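Some notes on the structure that comes next.
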Amino acid sequence: MKLLPLTPDGQTPVRVLTIAGTDSGGGAGIQADSRTMALCGVHACVAVAAVTVQNSVGVSGFHEIPPETVAAQVRCVVDDIGVGAAKTGMLASTAIIEAVAAVCTEVGIGRDQPVPLVVDPVCASMHGDPLLHAEALDAVRNTLIPIATVVTPNLDEIRLITGIDVVDDATARRAAEALHALGAQWSIVKGGHLRTSASSTDLLFDGDRFLEFSSPRIDTGNDHGGGDTLAAAIASALAHGWSVPDAVAFGKEWVTKCLEASYDLGAGHGPVSPLWRLRHP
Ligand SMILES: Nc1ncnc2c1ncn2[C@@H]1O[C@H](COP(=O)(O)OP(=O)(O)OP(=O)(O)O)[C@@H](O)[C@H]1O
Ligand SMILES: Cc1ncc(CO)c(N)n1
């Protein structure tokens, strides 16, 4: 696969900011984002929005960071370090979503702004445990998705956000259109949870064109953090100035390699892993 360019030793790499929740098990959330970004060759800055109590079998609780502290992390990183792209993950509440959207707009992050924003509208963990208060879905629809350069929901999130049950290509296209209508510049419908074919296809839509990105379906139950890994890899490529279709092609190839390299961990779902990158420098 074509990898992102590496900065020569001693030179400052491209920076990407993730605004998300932590995963104490190290499989998803901010841990997956920063691991992905580091192995993609970019410097990860982090704004913590929530701390989850999480392992391979589920999420037993979370603690929200005060919205003004989340916004202050974003502001101080952008003011001093500067970022080429940003990504949101678990934001937990309406108040945090509103604070993040306001600070992103203030510092020039988001669609039609200098710094592109990948919005992964995390609602629940893969175990079905909530990571977003139900009342915050309106803020996801009306405040977060409208500032997305790219939005990357999974099928459960699409059902919650749009009411559309994606079961085939026609419903995937309808969902991509509905997400675009909410204000995202580009929408992605991830086919990872559509287990009806031998391939896994993600659909990308910009209001005009549908583009498909396919890989062979990988037979693994160790897919924890796959969505975060895809979105973080897309953000890393965008920070290098790649177009959205090129960045999504890169992210899809990257997450496929990480699914191939996934491993058992704990009694539940192990993580997708970017450590293959260290084996093939
Ligand atoms: N079994 C699989 N084989 C190949 N690709 C897959 C498989 N499962 C998921 N993918 C790909 O991985 C990426 C993440 O998709 P997925 O739907 O699993 O995200 P997610 O549910 O948000 O992940 P998570 O909540 O675990 O972070 C997509 O590009 C999808 O096509
Ligand atoms: C903190 C966090 N963010 C996202 C996900 C979804 O993968 C998760 N399980 N935990």
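Predicted, not measured: the structure shown is a model, and the values here were computed from it. The basis for the numbers below is simple: all heavy atoms, side chains too, and nothing from hydrogens, waters or symmetry mates. Counting convention: from 1, in listed order, for ligands and their atoms alike.
- An N or O contact shorter than 3.5 Å links N154 to ligand 1 by distance.
- Any N or O atom pair closer than 3.5 Å counts here, and S200 shares at least one such pair with ligand 1.
- Annotation: T201 places no N or O atom under 3.5 Å from an N or O atom of ligand 1; distance criterion only.
- Nearest non-hydrogen protein atom to atom 9 (N) of ligand 2 is Q54 OE1, 2.8 Å.
- Note on ligand 1: A32 sits outside its first shell, no heavy atom being nearer than 4.0 Å.
- The distance criterion of under 3.5 Å between nitrogen or oxygen atoms is not met by L230 with respect to ligand 1.
- Nearest protein heavy-atom contact of atom 5 (C) of ligand 2 is L131 CD1, 3.7 Å.
- Those atoms of ligand 1 with a heavy atom of D223 less than 4.0 angstrom away are 26 (O).
- The protein heavy-atom contact nearest to atom 2 (C) of ligand 2 is G29 CA, 3.8 Å.
- For the side-chain contact (heavy atoms from CB on, under 4.5 Å) with L91, the lone residue among V70, V119, L144 that qualifies is L144.
- For atom 4 (C) of ligand 2, the nearest protein heavy atom (residue, atom name, distance) is D228 OD2, 3.4 Å.
- The option from G27, A198, G226, S215 that lies nearest to atom 14 (C) of ligand 1, judged by heavy atoms, is G226.
- Residues D33 and T36 bring no donor and acceptor atom of their side chains to less than 3.5 Å of each other.
- Taking each of N222, D23, I234, D202 in turn, the one with a heavy atom nearest to atom 31 (O) of ligand 1 proves to be D202.
- For atom 11 (C) of ligand 1, the candidate residues are K252, E260, H269; the nearest heavy-atom contact is made by K252.
- Ligand 2 lies out of reach of H127, whose nearest heavy atom is not under 4.0 Å from it.
- Residue contacts with ligand 2, taken as heavy atom pairs separated by less than 4.0 Å, do not involve M126 at all.
- Ligand 1 is approached by L259 to a heavy-atom distance shorter than 4.0 Å.
- Side-chain atoms of K252 and S200 include a donor-acceptor pair closer than 3.5 Å.
- Not close to ligand 1: A28, with no non-hydrogen atom less than 4.0 angstrom away.
- With V122, I218, V272 as candidates, the residue nearest to atom 2 (C) of ligand 1 on a non-hydrogen basis is I218.
- Distances below 4.0 Å separate heavy atoms of G225 from the following atoms of ligand 1: 26 (O), 27 (O).
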